[in-house]
**Q** 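One structure coming up, written as structure tokens, with questions to follow.
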Amino acid sequence: MKVAPNMPQHQACLDVMEEGILYGGQAGVLKEARVFKELVVAPTSKALVHVFFAQRSTTKVPGVTDVQLKPRPIRKVAVIGGGLMGSGIATSLLVSNISVVLKEVNPQFLQRGEKMIAGNLEGLIKKGSLTKDRMHKAMSLFKGALDYSDFKDVDMVIEAVIEKIPLKQSIFSDIEKICPKHCILATNTSTIDLNVVGEKTNSQDRIIGAHFFSPAHIMPLLEIVRTEKTSPQAILDLITVGKIIKKVPVVVGNCTGFAVNRTFFPYTQASHLLVSLGIDVFRIDRVISSFGMPMGPFQLQDVAGYGVALAVKDIYADAFGERNLGSNLVGLMVKDGRQGKVNAKGYYIYEKGAKPKPDPSVKHVIEEYRKQANTMPGGKPVTLMDQDILEMIFFPVVNEACRVMDENVVIRASDLDIASVLGMGFPKYRGGLVFWADTVGAPYIHSKLSKWAEMYGPFFKPSSYLEQRAKSGVPLSAPGTSQQGSARSRM
């Protein structure tokens, strides 16, 4: 009940065993047959079967994996930036026997990066997923660098520095001059348009997004972002590297936030809107966790750190216009000396070895935010059922997923399901975001969003794709005419 509260099969197995013990083997076998027949057609079973096949189809990319191209060997990879992401990416490569050169700007940062990699490897040993021998082998493939002299023979570079456009542009100009002509030039950016990153280079066909999720050596998703100019060879090579380092590669088109962060940007924003309407932060987290997410949006924000939220705030505001909800809650948290899990002080209190506990002292920050937002009707908190909270957070996410599918940012709807399960922790037994939305039904989602758009503004306004599917009765996951015609129009 604790580990998988929404999964029926564990309880079913126990019931069947109990039947056999109490009433004999024959009775147990008969009950097993009966329960199996019920469970195999249950919604959880259908969802898990869908995820199983969807995960295996993410690497089928028209124009890339069906044109007799052969992947080139990637033996040595340079990683630029040894922070949380860079060290995680380096760890993934090293444990898969790929040599890594980690470049940093000064000896202190380089030493910190090396320490983080060693810490990651020790963590894998503790988990039992790595042996001591393999750890020593991994560290023997590692080399630190303070300049680009070791980049002359690398097969791929992954840039993992902070989200600053001029910095990324200057790095790409530098590495283009030094790296061999076949070298793939990848960026781990989570939001910035790749065309902007590679604007000042003459190697647009080699520029690609390799968006890992944090912590990069543990999270299984690798979002491979292609532009209109990225060569099929570069995409195929990165898919192959993804498989070698045991990631699930999903190929997506180039836009702000790509597939996962773009689809899920309304997730946090909707939770902030609910807080401004008077709903308790910790109640929101409880509702979302019991739906099956690993944690609620506020605990997630604590864990991810507020720096990310502040860094992407303006990028999202510019890209998404009126459907972006301007919230200064994170700014107020920082002003109050809170950084989330990093300084053990966020919406929750983080003590070593203990589970995060709601922090009652965050109340005054929330009250200040509500006062500034001024969205409570008549100044009074709204009354919502748990289901309303769930729908007000997830339906805007489904709405953005519709835009992502409409613009052909993903090849197929099931790619978005896998991206939501592996990148955001959407419950696997619900089949992924779009699969789940189809079980709820486009007409219902459309009617709810329309109602909230009238009450709370354009953040909830249904997309034309959702509206069209709601009216026609065609599932959200069914390919549209534009998708069949060109799976590359926006890629």
**Q** Is it true that E367 and R370 have a side-chain N and a carboxylate O under 4.0 angstrom from each other?
**A**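 The answer is no: the pair does not qualify as a salt bridge.
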**Q** Just checking, any donor-acceptor pair under 3.5 angstrom between side chains of N120 and T91?
**A** yes
**Q** For Y350 and D302, test the side chains for any donor-to-acceptor distance below 3.5 angstrom and give the result as yes or no.
**A**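 Looking only at side-chain atoms, D302 and Y350 do form a donor-acceptor pair, the distance falling under 3.5 Å.
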**Q** Are E199 and N195 close enough that a side-chain donor and a side-chain acceptor fall under 3.5 Å?
**A**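 Per modelled atom types, E199 and N195 side chains form no pair under 3.5 Å.
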**Q** Check D153 with K76, please: is the shortest side-chain N to carboxylate O separation under 4.0 Å?
**A** yes
**Q** In terms of ring plane angle, is the pair F213 and H211 parallel, tilted or perpendicular, where the classes change at 30° and 60°?
**A**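 Geometry flag for H211 against F213: tilted rings.
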**Q** Any donor-acceptor pair under 3.5 Å linking the side-chain atoms of E163 with those of T189?
**A**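 Note: T189 and E163 side chains meet the donor-acceptor criterion.
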**Q** Considering only NZ, NE, NH1 and NH2 on the basic side and carboxylate oxygens on the acidic side, decide whether D359 and R338 come within less than 4.0 Å.
**A** yes
**Q** Should the pair K127-E122 be classified as a salt bridge under the 4.0 Å nitrogen-to-oxygen rule?
**A** no
**Q** Is the F298-Y348 ring centre distance short of 6.0 angstrom?
**A**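 So the answer is no for these two rings.
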**Q** Determine whether the side chains of S203 and E176 contain a donor N or O and an acceptor N or O closer than 3.5 Å.
**A**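 E176 and S203 do have a side-chain donor-acceptor pair below 3.5 Å.
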**Q** A side-chain contact here means heavy atoms from C-beta on lying under 4.5 Å apart; do T230 and D205 qualify?
**A** no
**Q** Say you draw a straight line from NZ of K115 to OG of S87; how long is it, rounded to the nearest 0.5 Å?
**A** 13.0 Å
**Q** Using side-chain contact (heavy atoms from CB on, under 4.5 Å) as the criterion, list what pairs up with P294, not counting sequence neighbours.
**A**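 side-chain contact (heavy atoms from CB on, under 4.5 Å) check on P294 returns nothing, list empty.
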**Q** With a 4.0 Å cut-off on N to O distance, would you call R283 and D386 a salt bridge?
**A** yes
**Q** NZ of K428: more than 12 outside heavy atoms within 6.0 angstrom?
**A**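 No, not enclosed.
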**Q** Answer yes or no: is there an ion pair linking D155 with R72, defined by an N-O contact shorter than 4.0 Å?
**A**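 Salt bridge between D155 and R72, a charged N being under 4.0 Å from a carboxylate O: no.
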**Q** Distance only, no hydrogens: is a donor on one side chain within 3.5 Å (strictly under) of an acceptor on the other, for R226 and S231?
**A**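 The criterion, which ignores hydrogens and geometry beyond distance, is not satisfied for S231 and R226.
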**Q** Can you confirm whether Q372 is buried at CD, in the sense that more than 12 heavy atoms of other residues, nucleotides or ligands lie under 6.0 Å from that atom?
**A** yes
**Q** Centroid-to-centroid, F291 to W436, below 6.0 Å?
**A** yes
**Q** Can you label the angle between the F320 ring and the Y316 ring as parallel, tilted or perpendicular, going by 30° and 60°?
**A**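 Tilted: the ring planes of F320 and Y316 meet at 30° to 60°.
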**Q** For F426 together with Y267, are the ring centres under 6.0 Å from each other?
**A** no
**Q** What residue pairs, at least two apart or across chains, pass ring pair (Phe, Tyr, Trp, His ring centres under 6.0 Å) with a residue in residues 97-143?
**A** none
**Q** In this structure, are over 12 heavy atoms from other groups packed under 6.0 Å from R75 atom CZ?
**A**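 At most 12 heavy atoms, drawn from other residues, nucleotides or ligands, come within 6.0 Å of this atom.
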**Q** Would you please say whether a donor-acceptor pair under 3.5 Å links the side chains of N188 and E159?
**A**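 No, no side-chain donor-acceptor pair sits under 3.5 Å.
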**Q** Can a donor-acceptor pair be found between the side chains of Q9 and T44 at a distance below 3.5 Å?
**A**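 No, because no side-chain N or O of Q9 sits under 3.5 Å from a partner of the opposite role on T44.
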**Q** Verify whether one side chain among S327 and Q269 offers a donor that lies under 3.5 Å from an acceptor in the other.
**A**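 Result is no, nothing qualifies.
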